[in-house]
Each structure stands twice: as C-alpha cells, then as structure tokens.
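First comes the structure, then the notes that go with it.
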Amino acid sequence: MIIKIVKSKNLVPIRITDERWTHITENHPEVSDFFEYIIECIEDPDYIIRSKKDENTLIALRQFHNKFICVVYKEITPEDGFVVTAYFSKKINLNKENVIWQKHY
C-alpha cells in the first residue's frame with residue numbers, strides 16, 4: 001500500500017510504500033521519527049547524487065544538524081519512481097563526478 005507520493009526534482013512521482021517504510025524503520029530505526037523530513041528531502045534536497053552501485057539510483061541529501069539525511073530512490077520512468085531506503089550519514093562524498101544536482105542559495 002502506498003503511504004505517500006511526492007515529486008522529485010525531476011518532477012517524477014516517487015512513492016513510499018508501507019513495505020518500504022517498514023524496511024527503513026527496521027533497518028534504520030534512527031529515522032523512524034523523521035518521515036516528514038524524508039518527504040522534504042525528496043522534494044527539496046540540498047544535493048542529489050548518483051549511486052556508485054547503480055546509475056539509475058539517486059540519493060537525495062539534506063543537511064540535518066551535523067549530518068545528512070539520505071533518501072535513496074529510483075526514477076523508473078518519467079511517471080513512476082519509488083523510495084528504496086533512508087538513513088543518516090555524517091560522511092558524504094560530494095565531488096563533481098557524483099553530484100548531479102545542487103541547491104543554490
């Protein structure tokens with residue numbers, strides 16, 4: 001069942017299902033209280049990077065205090081995408097090769 005659908009920076013609808021939310025909260029319980037922040041990260045990230053493992057997988061990053069919230073998602077078609085996982089990280093490699101979008105302040 002779909003919990004929420006939000007639009008990525010590419011205007012692709014990204015769905016978060018109850019199965020994925022259960023996966024996220026079981027594997028990364030530290031983000032369980034940050035559902036709305038995860039939504040905001042997809043809609044309004046600070047950076048978007050491409051996954052090293054799969055060029056079709058994107059990671060939206062948003063600064064949160066002294067770390068980043070990372071939301072991994074796939075854009076399958078221009079009309080469909082889904083969240084894979086979400087987690088916090090203090091170490092993010094933001095170099096020219098992997099940053100595909102950056103917010104300009």
Side-chain angles (χ1 to χ4, degrees):
M1 175 181 263
I2 295 173
I3 298 174
K4 185 128 183 156
I5 298 175
V6 296
K7 295 236 177 169
S8 70
K9 278 294 177 191
N10 292 329
L11 302 178
V12 175
I14 304 296
R15 55 194 151 84
I16 302 173
T17 63
D18 55 354
E19 182 274 329
R20 285 286 89 198
W21 185 245
T22 299
H23 165 83
I24 292 167
T25 57
E26 286 178 354
N27 291 284
H28 305 284
E30 69 280 6
V31 300
S32 63
D33 292 334
F34 295 95
F35 182 80
E36 288 304 318
Y37 203 77
I38 289 169
I39 299 302
E40 290 174 16
C41 184
I42 298 167
E43 293 177 323
D44 189 26
D46 292 330
Y47 300 92
I48 300 173
I49 62 175
R50 192 170 307 282
S51 168
K52 294 177 189 175
K53 297 177 184 176
D54 176 9
E55 68 179 36
N56 296 319
T57 300
L58 303 174
I59 305 168
L61 306 169
R62 190 165 173 154
Q63 197 137 19
F64 184 80
H65 300 293
N66 63 341
K67 55 193 165 196
F68 284 93
I69 191 156
C70 309
V71 181
V72 181
Y73 65 97
K74 288 187 179 240
E75 296 179 343
I76 302 168
T77 70
E79 296 82 30
D80 185 43
F82 64 93
V83 169
V84 176
T85 194
Y87 55 90
F88 284 113
S89 179
K90 288 188 177 187
K91 295 182 181 182
I92 300 293
N93 184 9
L94 298 173
N95 60 46
K96 290 180 183 180
E97 290 79 36
N98 70 349
V99 174
I100 61 172
W101 186 89
Q102 179 177 349
K103 182 186 279 187
H104 295 284
Y105 293 95

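Note that the coordinates shown come from a computational prediction; the quantities given were computed from them, not determined experimentally. The figures that follow rest on heavy atoms only: side chains count, while hydrogens, waters and symmetry mates do not.
- In this structure a side-chain-to-backbone donor-acceptor pair under 3.5 Å is present from Arg50 to Glu55.
- Contact of the Val31 side chain with the Tyr37 side chain is not registered, since no non-hydrogen atoms from C-beta on lie closer than 4.5 Å.
- Phe82 and Val72 fall within a single hydrophobic cluster, where Ile, Leu, Val, Met, Phe, Trp and Tyr side chains are chained together by heavy-atom contacts under 4.5 Å.
- Salt bridge present: Lys103 and Asp46 bring a charged side-chain N and a carboxylate O closer than 4.0 Å.
- For the atom pair CD of Glu40 and CZ of Phe64, the computed distance is 10.5 Å after rounding to the nearest 0.5 Å.
- Between Lys74 and the options Val12, Ile14, Val84, a side chain to side chain contact (heavy atoms under 4.5 Å, CB included) holds for only Val84.
- In this structure, CD1 in Ile38 is found 10.0 Å from NE2 in His28, a value given to the nearest 0.5 Å.
- Under the 4.5 Å side-chain heavy-atom criterion for grouping Ile, Leu, Val, Met, Phe, Trp and Tyr, Phe34 is not connected to Tyr47 through any hydrophobic cluster.
- Here the rule is side chain to side chain contact (heavy atoms under 4.5 Å, CB included) with Arg62, and of Val71, Ile69, Ile42 only Ile69 fits it.
- Using a 4.5 Å cut-off between side-chain heavy atoms of Ile, Leu, Val, Met, Phe, Trp and Tyr, with links allowed through other members, Ile3 and Tyr73 fall into the same hydrophobic cluster.
- Counting heavy atoms from C-beta on, the side chains of Ile39 and Ile16 come closer than 4.5 Å.
- Residues Leu61 and Pro45 fail the side-chain proximity criterion, which asks for heavy atoms closer than 4.5 Å.
- With hydrogens and angles ignored, the 3.5 Å screen pairs no side-chain donor or acceptor of Arg15 with any backbone N or O of Asp80.
- If you take CZ on Arg20 and OG1 on Thr85, they are separated by 7.0 Å, rounding to the nearest 0.5 Å.
- Using a 4.5 Å cut-off on side-chain heavy atoms (C-beta onward), Ile92 and Ile59 make no contact.
- Cluster membership check: Ile48 shares its hydrophobic cluster with Phe88, using side-chain heavy-atom separations under 4.5 Å among Ile, Leu, Val, Met, Phe, Trp and Tyr.
- Atoms CG and CG, from Leu58 and Asn98 in turn, are 11.5 Å apart once rounded to the nearest 0.5 Å.
- The shortest non-hydrogen separation linking Pro78 to Pro13 is O-CD, 3.8 Å.
- A single hydrophobic cluster is not seen to contain both Phe68 and Ile100; linkage of ILVMFWY side chains at heavy-atom distances under 4.5 Å, directly or through other members, places them apart.
- One N or O on the side chain of Asn95 and one on the backbone of Glu97 form a donor-acceptor pair closer than 3.5 Å.
- Across all their heavy atoms, Ile5 and Ile2 have their closest contact at CG1-CG2, 3.6 Å.
- The distance from the NZ atom of Lys7 to the CG atom of Asp44 is 15.5 Å, given to the nearest 0.5 Å.
- Between the CD atom of Glu36 and the CG atom of Asp33 there is a distance of 12.0 Å, given to the nearest 0.5 Å.
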